[in-house]
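In what follows, a single structure is set out as structure tokens and then discussed.
When reading the values below, keep in mind they use all heavy atoms of this one structure, side chains included, and skip hydrogens, waters and symmetry mates.
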Amino acid sequence: MENKQKDHIFTEIYISIHSIMGLLILFYCIFSQTLKGMMMVMLMIYLIYIGLELYLFATSQIIKLENLLGGYFQSVVDTLFISICCIYLDSYYFIVLPIFCLLILISSLANYRTKSVTHGILSTLGYISVGILSGFYPLGIVILQGALLLGFSFFVGELNQLISDVYKRNQYAMEEIEYKNQLLEYRATTDFLTDLSNHQAFYHALEVIAEKHAPVTLILLDIDDFKAVNDVYGHLSGDYVIREVSQIIKKLLRTSDIGARYGGEEFAVLLPGTGQPFGQRIAERICKAVAEYPFEFDQQKMRITLSAGVCHSTVALSRGEQTMLIDQADALLYYSKRNGKNRVTSAQFQ
């Protein structure tokens, strides 16, 4: 994205320079009455070329023009135009050098080092050709100025490469820092076994949602007889069950809902902006999906069920009330446990 933005900016600058240069020479030739012959032909071709640039830029097709002749088409056209103009306007030969320096600078900033040097070589050849044909300066002076122009192009190319390298290293470092920050945030808020939010992240989400997004429904779920699963099938099978249950919970939640591993084999679900009937249905769906799921670990089949407690609040809650909401949902959960398990008990927050 940043490279595209950079290319867009330098394309605008390049076209602006072309337009200003073409219009200045056109106005000069009209008022000085020197517009004739080859000068007129070259000026008309260049103005058509500028019009084509503007059209392709407006239709987002300028890349087609920039890639002609391996990316050197614009430099060739600029060099020919400036050279021919200065041959016919030999009294203005002294302005050729700064113009070429400006074009080299823009080309270098917009391209890689190798291309910027090639732009410089083309400009140098054009400058020397104009100097020889116009005879405005002695040949030695022209060659010396051409050498300085070529040296300038190499210097700007190397400087541009250095700036690009520093920019890329800084960009890489910033991306690495951003990635590590995201990784740290992920590890600080996510349970490593289930990929759900962890206990700390759950309390933070509850604080935000309960204070600002009432009504809210809290579901607490617990795996029935989980200790027996560990004792009979082993702790690895217990981890497997927790992972599978967490995936079932994630699949049944909306993107706005928060699923968390509350602790051990217990899970919590926050449903912002929902009523008690909806929370009851979600809890029942989760319990039914878990009860029907074919749990199998190390060729051993297991039947897993959940018990759930659902507590619903219609008003925003303070921190103390948030703790009470959790306590009430927990009490409803253990009511389900005491009354046969694999069931859902819900109530309004009081």
Give the table of side-chain donor-acceptor pairs shorter than 3.5 Å for residues 293-303, with sequence neighbours excluded, one pair per line with atom names and distance.
| unit_1 | atom_1 | unit_2 | atom_2 | d |
| --- | --- | --- | --- | --- |
| Tyr293 | OH | Glu244 | OE1 | 2.5 |

Listed pairs under 3.5 Å, donor-acceptor, residues 279-286 side chains, sequence neighbours left out:
| unit_1 | atom_1 | unit_2 | atom_2 | d |
| --- | --- | --- | --- | --- |
| Gln280 | OE1 | Ser346 | OG | 2.5 |
| Gln280 | NE2 | Glu284 | OE2 | 2.7 |

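The structure places CD1 of Ile223 at 6.0 Å from CG of Leu306, a figure rounded to the nearest 0.5 Å. Atom CG of Leu270 is separated from atom OG of Ser197 by 9.0 Å, given to the nearest 0.5 angstrom. Atoms NE2 and CG, from His204 and Asn198 in turn, are 11.5 Å apart once rounded to the nearest 0.5 Å. The CG atom of Leu184 lies 10.5 Å from the CD atom of Gln182; values are rounded to the nearest 0.5 Å. Note that CD1 of Ile304 and CD1 of Ile242 are 10.0 Å apart. Values are rounded to the nearest 0.5 Å.
When the salt bridge (charged side-chain N to carboxylate O under 4.0 Å, His left out) test is applied to Asp239, no partner is found at least two apart in sequence or on another chain. Phe278 is linked by a ring pair (Phe, Tyr, Trp, His ring centres under 6.0 Å) to nothing, counting only residues two or more places apart in sequence or in another chain. Lys288 meets the salt bridge (charged side-chain N to carboxylate O under 4.0 Å, His left out) test with no other residue; sequence neighbours excluded. The ring pair (Phe, Tyr, Trp, His ring centres under 6.0 Å) test applied to Phe226 returns no partner, not counting sequence neighbours.
We find that Lys250 and Asp195 are joined by a salt bridge, their nearest charged nitrogen and carboxylate oxygen being less than 4.0 Å apart. Taking 4.0 Å as the cut-off between side-chain N and carboxylate O, Asp165 and Arg169 do not count as a salt-bridged pair.
The salt bridge (Lys or Arg N to Asp or Glu O under 4.0 Å) analysis of residues 330-341, with sequence neighbours excluded, yields the pairs Asp222-Lys337, Asp224-Lys337, Asp225-Lys341. Sorted by first and then second residue, the pairs that involve residues 172-190 and meet salt bridge (Lys or Arg N to Asp or Glu O under 4.0 Å), not counting sequence neighbours, are Glu176-Lys180. Applying the ring pair (Phe, Tyr, Trp, His ring centres under 6.0 Å) test to pairs two or more places apart or on separate chains, none has a residue in residues 319-350. Sorted by first then second residue, the side chain to side chain donor-acceptor pair (under 3.5 Å) pairs that include residues 254-272, not counting sequence neighbours, are Asp191-Arg261, Tyr203-Tyr262, Arg254-Asp257.
Residues Leu218 and Leu206 are not in side-chain contact: their nearest non-hydrogen atoms beyond the backbone lie 4.5 Å or more apart. A heavy-atom distance below 4.5 Å is found between the side chains of Val269 and Ile249. Looking at Tyr240 and Val245, their side chains never come closer than 4.5 Å, going by heavy atoms from C-beta outward.
Residues Leu325 and Cys311 approach most closely at CD1-SG, 3.5 Å, considering heavy atoms. Leu220 approaches Ala268 most closely through the heavy-atom pair CD2-CB, 3.6 Å. Contact record, Glu321 with Leu317: OE1-CA, 3.4 Å, taken as the closest heavy-atom pair.
In terms of modelled atom types and a separation under 3.5 Å, the side chain of Asn342 and the main chain of Ser307 share no donor-acceptor contact.
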Side chain to side chain contact (heavy atoms under 4.5 Å, CB included) assessment of Thr274 paired with Val216: CA-CA 6 Å; Thr274 58; Val216 64; over 6 Å; no
Worked verdict on Leu333 versus Leu221 for side chain to side chain contact (heavy atoms under 4.5 Å, CB included): CA-CA 7 Å; Leu333 165 62; Leu221 305 114; 5.8 Å; no
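Taking a 4.5 Å side-chain heavy-atom cut-off between Ile, Leu, Val, Met, Phe, Trp and Tyr, the cluster of Tyr172 contains only that residue. Through direct or indirect side-chain contacts shorter than 4.5 Å among Ile, Leu, Val, Met, Phe, Trp and Tyr, Tyr179 is connected to Leu183.
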